[in-house]
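Input: a single structure, listed below in structure tokens.
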Number of protein chains: 2
Amino acid sequence: MARTANPENRDRIVRTTRDLIRRNGIQGTTMLEVVKASGGSRGSLYHYFPGGRAEMVEDAVRSAIDEYTAGIEYLATLPAAQAIPLMVEFWRAEAEASDYAAGCPIAAAALGGASDPVPSRLAGEAFAGWIDAFARMLVNEGIPADRARALGTLAIAAVEGAVILGLAQKSSTPMELVADQLVALVDAAQ
Amino acid sequence: MARTANPENRDRIVRTTRDLIRRNGIQGTTMLEVVKASGGSRGSLYHYFPGGRAEMVEDAVRSAIDEYTAGIEYLATLPAAQAIPLMVEFWRAEAEASDYAAGCPIAAAALGGASDPVPSRLAGEAFAGWIDAFARMLVNEGIPADRARALGTLAIAAVEGAVILGLAQKSSTPMELVADQLVALVDAAQ
DNA sequence: CCATAAATATGCAGGCATGCATAGATATCG
DNA sequence: CGATATCTATGCATGCCTGCATATTTATGG
């Protein structure tokens with residue numbers, strides 16, 4: 001038996017799929033484009049993803065959720081006045097590096113619910129986890145639980161929205177303004 | 001010459017296209033589905049939109065922008081404490097009525113920039129106008145211009161983000177929490 | 001080195017979407 | 001009513017995408 005069990009190629013495909021989802025959305029991401037962008041062949045894709053396109057897309061979204069959630073869990077250990085600018089700066093840098101073509105893949109998954117319900121549901125659960133993490137961070141700073149939950153929801157929603165505004169306007173201004181206002185708001189809530 | 005000049009059918013097609021964009025995004029909206037949903041024939045579509053799919057999609061986005069912008073301009077004549085809940089309530093009702101399948105078509109246009117740059121650019125301009133309107137409203141309530149602009153950006157971004165969170169979670173909670181927090185924030189800023 | 005499995009490459013059928021062309025139906029005006 | 005323009009319907013060619021099947025290559029274990 002050979003059993004190479006080489007996960008590198010599969011991971012590379014998953015990453016490429018994520019990148020394409022960020023640019024073209026769930027519906028706009030095809031196996032042919034993933035093949036072109038990752039350099040393999042169509043046969044390889046069905047080897048790594050027997051479930052076809054659905055499995056490939058779902059894995060890409062799961063992978064992105066795992067990665068981003070870990071990042072947010074880390075940010076939640078910092079003071080909010082640091083965590084919020086860091087989170088926004090991450091998206092700003094990603095947007096700018098792609099010339100404002102690549103947004104949040106989780107938001108893309110959320111909006112692809114009509115054709116792909118599973119990634120959309122996963123996105124909903126991921127957002128809930130992110131809100132929880134932010135709320136915990138705010139509770140640690142002395143904000144009551146109910147208010148912390150509401151402010152956490154506002155923060156996640158505002159950052160996701162700011163990324164969309166930034167892509168449409170090809171500008172980092174929305175993200176910067178939103179970060180400033182969120183920090184000021186959390187500061188005032190303490 | 002007959003020259004019926006009957007814009008009703010064309011308008012119905014434009015509206016159907018908008019609805020499909022809200023559910024399936026720009027890339028997920030095809031002429032065949034528009035024909036199926038609006039009841040006409042493919043020939044009619046090319047009669048009304050000689051530019052093909054691109055013209056149809058662009059007109060749908062322009063129409064949506066015109067309509068929503070008029071609504072926001074009206075909201076901006078009200079006190080912010082009324083305007084913000086009304087705006088959120090509109091999206092909440094639309095989301096709920098569609099069983100959390102239909103979001104904001106302008107956000108969908110913003111995210112479709114890779115394949116359709118024109119609607120994405122229009123979305124960016126529309127967002128700028130909405131932010132201006134909100135900022136004017138806040139200036140009227142005594143908030144300094146710079147702060148008003150930042151708060152207006154935060155409000156538009158947060159509402160758009162809350163709609164996405166709501167669709168993913170199939171819940172109106174994100175929109176309600178965001179509306180409450182935005183009202184409290186504007187109230188405190190005066 | 002050889003047998004076996006992993007990984008890659010390619011072809012084919014079916015379905016869908018676009019764009020265009022070509023008819024046919026409908027309505028309006030003189 | 002007849003002529004003209006609008007509107008609708010349908011077919012064809014092309015290309016893309018998926019899923020599956022079928023080689024072919026590569027690598028590993030014995």
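First the proteins, then the strands, lettered A, B, ... as listed; each starts at 1.
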Has [X] got a side-chain N or O lying under 4.0 Å from the OP1 or OP2 atom of [N]?
X: A/Ser41; N: C/dA9; result: yes
X: A/Tyr48; N: C/dA6; result: no
X: A/Asn9; N: C/dA6; result: no
X: B/His47; N: D/dC7; result: yes

Enumerate the ring pair (Phe, Tyr, Trp, His ring centres under 6.0 Å) contacts for residues 154-178 of chain A, please, sequence neighbours excluded, ordered by first and then second residue. none
Give me each pair satisfying ring pair (Phe, Tyr, Trp, His ring centres under 6.0 Å) with a member in residues 103-133 of chain A, each pair once, sequence neighbours excluded. A/Phe127-A/Trp130
With sequence neighbours left out, which residue pairs that include part of residues 146-170 of chain B fulfil the salt bridge (charged side-chain N to carboxylate O under 4.0 Å, His left out) condition? B/Asp132-B/Arg149
B/S/- contact track for nucleotides 11-24 of chain C, protein heavy atom under 4.0 Å: B-----BBBB----
I'd like to check the side-chain hydrogen bond (donor to acceptor under 3.5 Å, both in side chains) partners of A/Thr173; sequence neighbours left out, ordered by chain and number. A/Ser171
Hey, can you pull the residues of residues 112-122 of chain A with a non-hydrogen atom under 4.0 angstrom from DNA chain D? none
Residues 90-105 of chain B side chain polar contacts: donor-acceptor under 3.5 Å, at least two apart:
{"from": "B/Arg92", "atom 1": "NE", "to": "B/Glu89", "atom 2": "OE1", "distance (Å)": "2.8"}
{"from": "B/Arg92", "atom 1": "NH1", "to": "B/Glu96", "atom 2": "OE1", "distance (Å)": "2.7"}
{"from": "B/Arg92", "atom 1": "NH2", "to": "B/Glu89", "atom 2": "OE2", "distance (Å)": "2.9"}
{"from": "B/Glu94", "atom 1": "OE1", "to": "B/Arg22", "atom 2": "NH1", "distance (Å)": "2.7"}
{"from": "B/Glu94", "atom 1": "OE1", "to": "B/Arg22", "atom 2": "NH2", "distance (Å)": "2.9"}
{"from": "B/Ser98", "atom 1": "OG", "to": "B/Glu94", "atom 2": "O", "distance (Å)": "3.2"}
{"from": "B/Ser98", "atom 1": "OG", "to": "B/Ala95", "atom 2": "O", "distance (Å)": "3.0"}
{"from": "B/Ser98", "atom 1": "OG", "to": "B/Ala101", "atom 2": "N", "distance (Å)": "3.2"}
{"from": "B/Ser98", "atom 1": "OG", "to": "B/Ala102", "atom 2": "N", "distance (Å)": "3.0"}
{"from": "B/Tyr100", "atom 1": "OH", "to": "B/Ser172", "atom 2": "N", "distance (Å)": "3.2"}

Separation of D/dC16 atom C1' from A/Asn24 atom CG, nearest Å, is 15 Å
Between CG of A/Leu20 and P of D/dC17 the distance, given in whole Å, is 11 Å
Using 4.0 Å as the upper bound for N to carboxylate O, is an ion pair formed by A/Glu55 and A/Arg62? no
Pairs flagged by side chain to side chain donor-acceptor pair (under 3.5 Å) wherever residues 29-39 of chain A is involved - sequence neighbours left out: none
List the atom pairs, donor and acceptor, that lie under 3.5 Å between side-chain atoms in residues 109-121 of chain B and the rest of the protein, sequence neighbours left out.
{"from": "B/Ser115", "atom 1": "OG", "to": "B/Gln27", "atom 2": "OE1", "distance (Å)": "2.8"}
{"from": "B/Asp116", "atom 1": "OD2", "to": "B/Arg53", "atom 2": "NH1", "distance (Å)": "3.4"}
{"from": "B/Ser120", "atom 1": "OG", "to": "B/Ala110", "atom 2": "O", "distance (Å)": "3.1"}
{"from": "B/Arg121", "atom 1": "NH1", "to": "B/Glu125", "atom 2": "OE2", "distance (Å)": "2.9"}

